[in-house]
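What follows is a set of notes on a single structure, which appears directly below.
Index from 1, following the sequence. None of these values were measured; they are calculated from a predicted model.
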Amino acid sequence: MNYFRKMCGCGTNGFCVNFRETFWSFLGSLAGITAVGALNAVLLDQTGAMLLIGSFGASAVLLYGAPTAPLSQPRNLLGGHVLSALVGVACAAHLGHVPWLAAGLAVSTAIALMHLTGTLHPPGGATALIAVIGGEPVRALGYLYALVPALAGALVLLAVALLVNNIPKTRQYPVYWY
């Protein structure tokens, strides 16, 4: 009986954001994703390398929508993406012939590793999954996937977060680095 009672929740969502916070979240995410996207276009044209991956959309929600949250801090952003990318590539390389198993192990191992290293960043799970299901362009990168796009794109998002999130007096980013 207590097991199911826990699923009922214990209160209401107290999350309420004013227009000013919404504006800065919008502006930051627009600048961050646009910067990564623009650099992605240049890189694709010049080198064939990609910089934009889907998990960066979720990182933008955290960095610009909840900049003081523990999961939004630089250590989590960078460590979460890089470690998860490495795990995803390893799972794809060794278990790619069984994609459903590779996908499950990539995400769950990435979560465990992020927990153990203090770098939990939920979009990292998607970064690991993309390494497994991203198709031939991602697979061809091998472990380079951890550097470009995972680290390089996350660094661009971080640079924009440092610039935009510190413009208004009501925001501070980061709360901590380590």
Flag, side chain of [X] to backbone of [Y], donor-acceptor distance under 3.5 Å:
X	Y	result
T119	R75	no
Y173	Y64	no
Q73	V175	yes
T109	A106	no
S72	T68	no

Out of curiosity, does [Y] fall in the hydrophobic cluster containing [X] (side-chain heavy atoms, cut-off under 4.5 Å, transitive links)?
X	Y	answer
L52	L78	yes
M114	L151	no
V36	L27	yes
V89	M50	yes
L83	L105	no

Between [X] and [Y], is any pair of side-chain heavy atoms under 4.5 Å apart?
X	Y	answer
V160	S29	no
R20	P168	no
V164	W24	yes
N166	Q172	yes

Measure across [X] and [Y] and return the closest heavy-atom pair with its distance rounded to 0.1 Å.
X	Y	value
L51	G153	CD1-N, 3.5 Å
V148	A49	CG1-CB, 4.5 Å
G96	A102	N-CB, 4.4 Å
H97	H94	CE1-O, 3.4 Å
A85	A131	O-CB, 4.4 Å
C91	V132	CB-CG2, 4.4 Å

TODO: Check the pair L157 / I33 against side-chain contact (heavy atoms from CB on, under 4.5 Å), numbers first and verdict last.
DONE: CA-CA 7 Å; L157 292 175; I33 295 297; 4.1 Å; yes

Can you measure from [atom1] ([X]) to [atom2] ([Y]) and round to the nearest 0.5 angstrom?
X	Y	atom1	atom2	value
L141	L147	CG	CG	10.0 Å
I167	L163	CD1	CG	7.0 Å
L77	L62	CG	CG	9.0 Å
L71	L63	CG	CG	11.0 Å
I130	I53	CD1	CD1	5.0 Å
H121	S55	NE2	OG	7.5 Å

Task: Y176, OH atom: more than 12 neighbouring heavy atoms under 6.0 Å - done: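 Counting neighbours around OH of Y176, more than 12 heavy atoms of other residues, nucleotides or ligands fall under 6.0 Å, so yes.
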
Open item on the list: Could you check whether atom CZ of F26 has more than 12 heavy atoms from other residues, nucleotides or ligands sitting under 6.0 Å from it?
Closed with: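 12 or below, so no.
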
